[in-house]
Amino acid sequence: MAMKQAFWMAFGYALAVLVLLAVLAIAGSLLIAAILPRAHPWGDRLRAFAARVPELAAHGAFWLRALIVFGGLSLLAVLVLLNDPAFRF
């Protein structure tokens with residue numbers, strides 16, 4: 001039970017950081033784009049980037065979860081091998 005809680009805690013913290021970074025990226029790019037004059041190439045690029053950030057954050061959350069799951073499974077396999085008395089280096 002503790003391993004499951006540790007997974008969800010790690011995933012929750014990582015997801016919170018990812019959401020915070022996404023919000024800061026959206027707010028920062030829109031703030032800079034608002035300062036630039038209309039039809040400025042950098043302003044248009046920043047607005048387009050701000051529109052894509054939620055999609056990028058969703059993909060990041062998916063890959064983060066996959067990384068945590070496969071990392072946990074790999075760690076479990078290594079620990080099982082190391083605890084096996086028949087396993088020798």
Side-chain angles (χ1 to χ4, degrees):
M1 189 68 170
M3 187 73 131
K4 187 177 181 181
Q5 287 176 343
F7 165 75
W8 286 113
M9 198 160 131
F11 180 66
Y13 284 141
L15 192 61
V17 168
L18 186 67
V19 168
L20 178 66
L21 287 175
V23 168
L24 289 176
I26 291 172
S29 62
L30 288 178
L31 179 68
I32 294 171
I35 294 170
L36 295 172
R38 224 22 162 164
H40 192 279
W42 282 99
D44 293 339
R45 289 182 186 147
L46 286 171
R47 286 182 197 92
F49 172 72
R52 290 201 59 209
V53 167
E55 177 186 348
L56 295 173
H59 285 292
F62 170 75
W63 286 111
L64 178 70
R65 182 173 182 204
L67 181 67
I68 291 173
V69 167
F70 290 128
L73 290 175
S74 302
L75 181 65
L76 183 65
V78 167
L79 291 176
V80 165
L81 277 176
L82 291 178
N83 278 336
D84 187 13
F87 180 74
R88 301 192 191 243
F89 283 108

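Predicted, not measured: the structure shown is a model, and the values here were computed from it.
The two residues Leu36 and Gly43 come nearest to each other via the heavy atoms CD1-N, 3.5 Å. Taking each heavy atom of Ala51 and Pro54 in turn, the nearest pair found is O-CD, 3.6 Å.
Residue pairs that meet the side-chain hydrogen bond (donor to acceptor under 3.5 Å, both in side chains) test with at least one member in residues 59-77, sequence neighbours left out, do not exist here. The stretch residues 22-51 participates, sequence neighbours left out, in these salt bridge (charged side-chain N to carboxylate O under 4.0 Å, His left out) pairs: Asp44-Arg47.
With sequence neighbours excluded, no residue satisfies side-chain contact (heavy atoms from CB on, under 4.5 Å) with Leu31. With sequence neighbours excluded, the residues that form a side-chain contact (heavy atoms from CB on, under 4.5 Å) with Leu15 are Phe11, Leu18, Ala61. Applying the side-chain contact (heavy atoms from CB on, under 4.5 Å) rule to Leu20 yields the partners Leu24; only residues at least two apart in sequence or on another chain are considered. The side-chain contact (heavy atoms from CB on, under 4.5 Å) search around Leu64 returns Ala14, Ile68, not counting sequence neighbours.
Hydrophobic clustering, defined by side-chain heavy atoms of Ile, Leu, Val, Met, Phe, Trp and Tyr closer than 4.5 Å, groups Leu56 together with Ile26, Leu30, Phe49, Val53. Residues Val17 make up the rest of the hydrophobic cluster containing Leu21, defined by ILVMFWY side-chain heavy atoms closer than 4.5 Å, directly or through other members.
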